Amino acid sequence: MNVLFVEDDAMNRRVVRDMLDVAGATMVEADRAEEGFRRIDEEDFDVVLVDLRMPGMDGLEAIGRIRARPDAKRNLPLIVVTADTAPDLRDRCLAAGADEVLFKPVAMDALFDAIGRILASKSDGAMLF
């Protein structure tokens with residue numbers, strides 16, 4: 001399992017990395033959306049986690065750019081990880097193309113459940129995580 005986490009806060013990246021390490025997954029970090037796009041161009045990922053509030057470009061715009069790609073990577077599983085608790089936020093993220101939305105602080109079981117649900121839905125129900 002190879003996960004990309006696009007998040008500007010180093011501590012948040014470390015916490016999620018520690019969680020993914022428990023499951024034997026690898027995590028690549030990007031501290032801004034442009035770096036995340038470069039990583040997506042260069043590497044293959046099973047899941048992309050993206051924060052909503054980043055310098056330069058917010059997560060909703062980043063999701064839109066990924067979903068607008070002309071290649072198969074437009075279908076990458078995308079999970080929003082955010083501290084924003086606006087009442088309509090989940091609906092806006094899903095409408096933008098996110099597959100799941102997790103709220104900070106992220107619990108390990110919530111992260112694993114979200115990844116498992118997405119991967120199972122994209123692989124005809126086989127649990128991969």
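Bear in mind that the values here come from a model prediction, so they are computed numbers and not experimental data.
R17 approaches E29 most closely through the heavy-atom pair NH2-OE2, 2.8 Å. The shortest non-hydrogen separation linking A30 to G36 is CB-N, 3.5 Å. Nearest heavy atom pair, residue F112 against residue A23, reads CZ-CB, 3.8 Å. Across D44 and N2, no two heavy atoms sit closer than the pair O-ND2, 2.9 Å. Looking at every heavy atom in both residues, D46 comes nearest to M1 through OD2-CA, 3.2 Å.
Following chains of ILVMFWY side-chain contacts shorter than 4.5 Å, one cannot reach F45 starting from L49, and the two form parts of different hydrophobic clusters. No path of Ile, Leu, Val, Met, Phe, Trp and Tyr side chains, each step under 4.5 Å between heavy atoms, connects I79 with L52, placing them in separate hydrophobic clusters. In the hydrophobic clustering of this structure, L78 groups with F103; members are Ile, Leu, Val, Met, Phe, Trp, Tyr whose side-chain heavy atoms approach within less than 4.5 Å, directly or through other members. The hydrophobic cluster containing V80 does not contain I118, counting ILVMFWY residues as joined when their side-chain heavy atoms lie under 4.5 angstrom apart, directly or transitively. Residues L4 and M27 do not share a hydrophobic cluster, defined by chaining ILVMFWY side chains whose heavy atoms lie under 4.5 Å apart.
Taken from CZ in F5 to CE in M19, the straight-line distance is 9.5 Å, to the nearest 0.5 Å.
E61 has no carboxylate O lying under 4.0 Å from a charged side-chain N of R65, or vice versa, which leaves the two without a salt bridge. A salt bridge does not link R13 with E7: every distance from a Lys NZ or Arg NE/NH1/NH2 to an Asp or Glu carboxylate oxygen is 4.0 Å or more. With respect to R38 and D31, no salt bridge is recorded, no charged nitrogen being found less than 4.0 Å from a carboxylate O. Between D41 and R69, at least one side-chain nitrogen of the basic residue sits less than 4.0 Å from a carboxylate oxygen of the acidic one, meeting the salt-bridge criterion.
You'll find the side chain of R32 stays beyond 4.5 Å of the side chain of D8, heavy atoms only. For the pair V15 and V106, the minimum side-chain heavy-atom distance is 4.5 Å or more. Using a 4.5 Å heavy-atom cutoff, the side chains of V3 and T26 are not in contact. Considering only heavy atoms from C-beta on, V50 comes within 4.5 Å of I63 through its side chain.
Here D109 pairs with A107 under the side-chain contact (heavy atoms from CB on, under 4.5 Å) rule; sequence neighbours left out.
A donor-acceptor contact shorter than 3.5 Å is absent between the side chain of K73 and the backbone of I66.
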Next item on the list: Could you go through the side chain to side chain contact (heavy atoms under 4.5 Å, CB included) check for L102 and L111 one step at a time?
Entry: CA-CA 7 Å; L102 298 174; L111 177 62; 3.9 Å; yes
Margin query: Working note: D51 + V6, criterion side chain to side chain contact (heavy atoms under 4.5 Å, CB included); need CA distance, chi angles, decisive distance, verdict.
Written below: CA-CA 6 Å; D51 185 27; V6 185; over 6 Å; no
Less than 3.5 Å apart, which donor and acceptor atoms pair up between the side chains of residues 81-97 and the rest of the protein, not counting sequence neighbours?
from	atom 1	to	atom 2	distance (Å)
T82	OG1	D84	N	3.0
D84	OD1	A86	N	2.9
D84	OD2	R53	NH2	3.1

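Other residues, nucleotides and ligands place no more than 12 heavy atoms under 6.0 Å from the CZ atom of R14.
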